[in-house]
Colleague: 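Okay, here's the structure, questions in a sec.
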Amino acid sequence: MRPVSDYIGAAALLDSLPRAQWLLGDRGYDADWFRDALQAKGITPCIPGRKTRTEPIRYDKRRYKRRNRIEIMLAATRRPSGRQAERLATGRHAL
């Protein structure tokens with residue numbers, strides 16, 4: 001299976017996006033067609049431009065900087081609890 005760039009994978013999910021005001025994304029989602037598709041759905045993209053862009057892209061830097069709150073919350077939901085972590089560390093987990 002080949003790796004797929006972020007915005008190509010997002011194209012598959014574009015039709016099923018819920019209604020939202022903003023979409024926060026990293027530079028991997030920077031594509032003109034993706035921005036246009038989001039704006040057509042009424043979603044404001046908050047995606048910084050790739051470093052290779054000749055014209056800079058305007059985005060809400062303050063909002064983008066706060067995306068780490070979302071990432072921290074999602075990471076916390078994926079971490080095993082104390083008892084699960086102990087079992088995994090000692091190798092006493094069921095296969």
Side-chain angles (χ1 to χ4, degrees):
M1 191 164 139
R2 294 178 39 196
V4 178
S5 68
D6 290 344
Y7 66 88
I8 291 175
L13 302 174
L14 196 57
D15 292 332
S16 62
L17 280 176
R19 288 183 42 184
Q21 290 180 340
W22 292 86
L23 182 124
L24 295 173
D26 61 9
R27 286 187 167 105
Y29 292 95
D30 179 34
D32 291 332
W33 67 266
F34 187 58
R35 291 175 186 277
D36 294 340
L38 288 173
Q39 289 175 344
K41 290 184 71 86
I43 300 172
T44 305
C46 185
I47 304 169
R50 292 182 188 261
K51 295 185 184 232
T52 58
R53 269 194 182 267
T54 55
E55 298 176 22
I57 294 290
R58 295 186 68 200
Y59 65 99
D60 188 343
K61 293 179 183 177
R62 188 175 189 195
R63 188 178 302 266
Y64 181 74
K65 198 171 185 179
R66 292 182 182 172
R67 82 187 188 290
N68 69 342
R69 293 179 185 176
I70 298 167
E71 292 174 3
I72 289 169
M73 180 197 65
L74 290 174
T77 62
R78 294 184 191 129
R79 268 195 306 266
S81 67
R83 184 171 286 168
Q84 291 171 330
E86 181 183 340
R87 272 198 335 256
L88 291 171
T90 60
R92 294 181 293 154
H93 57 281
L95 298 175

Colleague: Answer yes if Leu38 and Leu13 sit in the same cluster of Ile, Leu, Val, Met, Phe, Trp and Tyr residues linked by side chain heavy atoms under 4.5 Å apart, and no otherwise.
Modeller: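 Unlinked, Leu38 and Leu13 end up in two clusters.
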Colleague: Quick one: CZ on Arg58 to CD on Glu55, what's the gap to the nearest 0.5 Å?
Modeller: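 The distance works out to 13.5 Å.
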Colleague: Any non-hydrogen side-chain atom of Arg50 less than 4.5 Å from a side-chain atom of Ile57?
Modeller: no
Colleague: Evaluate the side-chain contact (heavy atoms from CB on, under 4.5 Å) criterion for residues Leu17 and Lys41: first the C-alpha distance (whole Å), next the side-chain angles of each, then the deciding distance (0.1 Å), finally the verdict.
Modeller: CA-CA 9 Å; Leu17 280 176; Lys41 290 184 71 86; 4.2 Å; yes
Colleague: Less than 4.5 Å apart, any side-chain heavy atom of Leu24 and any of Ile70?
Modeller: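 Side-chain contact under 4.5 Å: yes.
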Colleague: Taking all heavy atoms of Pro48 and all of Gly25, pick out the closest pair and write down the distance.
Modeller: CD-O, 3.4 Å
Colleague: Could you work out, with side chain to side chain donor-acceptor pair (under 3.5 Å) as the rule, every residue matching Asp32, not counting sequence neighbours?
Modeller: Arg53
Colleague: If you compare all heavy atoms of Leu14 against all heavy atoms of Ala37, which two are closest, and at what distance to 0.1 Å?
Modeller: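 Answer, listing the atom of Leu14 first, then Ala37: CD2-CB, 3.2 Å.
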Colleague: Who else is in the cluster with Trp22 when I, L, V, M, F, W and Y are joined by side-chain contacts under 4.5 Å?
Modeller: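 Members alongside Trp22: none; it stands by itself.
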Colleague: Cluster partners of Tyr59, using ILVMFWY side-chain heavy atoms under 4.5 angstrom, listed by chain and number?
Modeller: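 Members alongside Tyr59: Tyr64.
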Colleague: If you define the side chain from C-beta out and look only at heavy atoms, does anything of Arg27 sit under 4.5 Å from Ile47?
Modeller: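 The answer is no, as the side chains (C-beta and beyond) never meet within the 4.5 Å cut-off.
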Colleague: Below 4.0 angstrom, N of the basic side chain to O of the carboxylate: do Asp30 and Arg35 qualify?
Modeller: yes
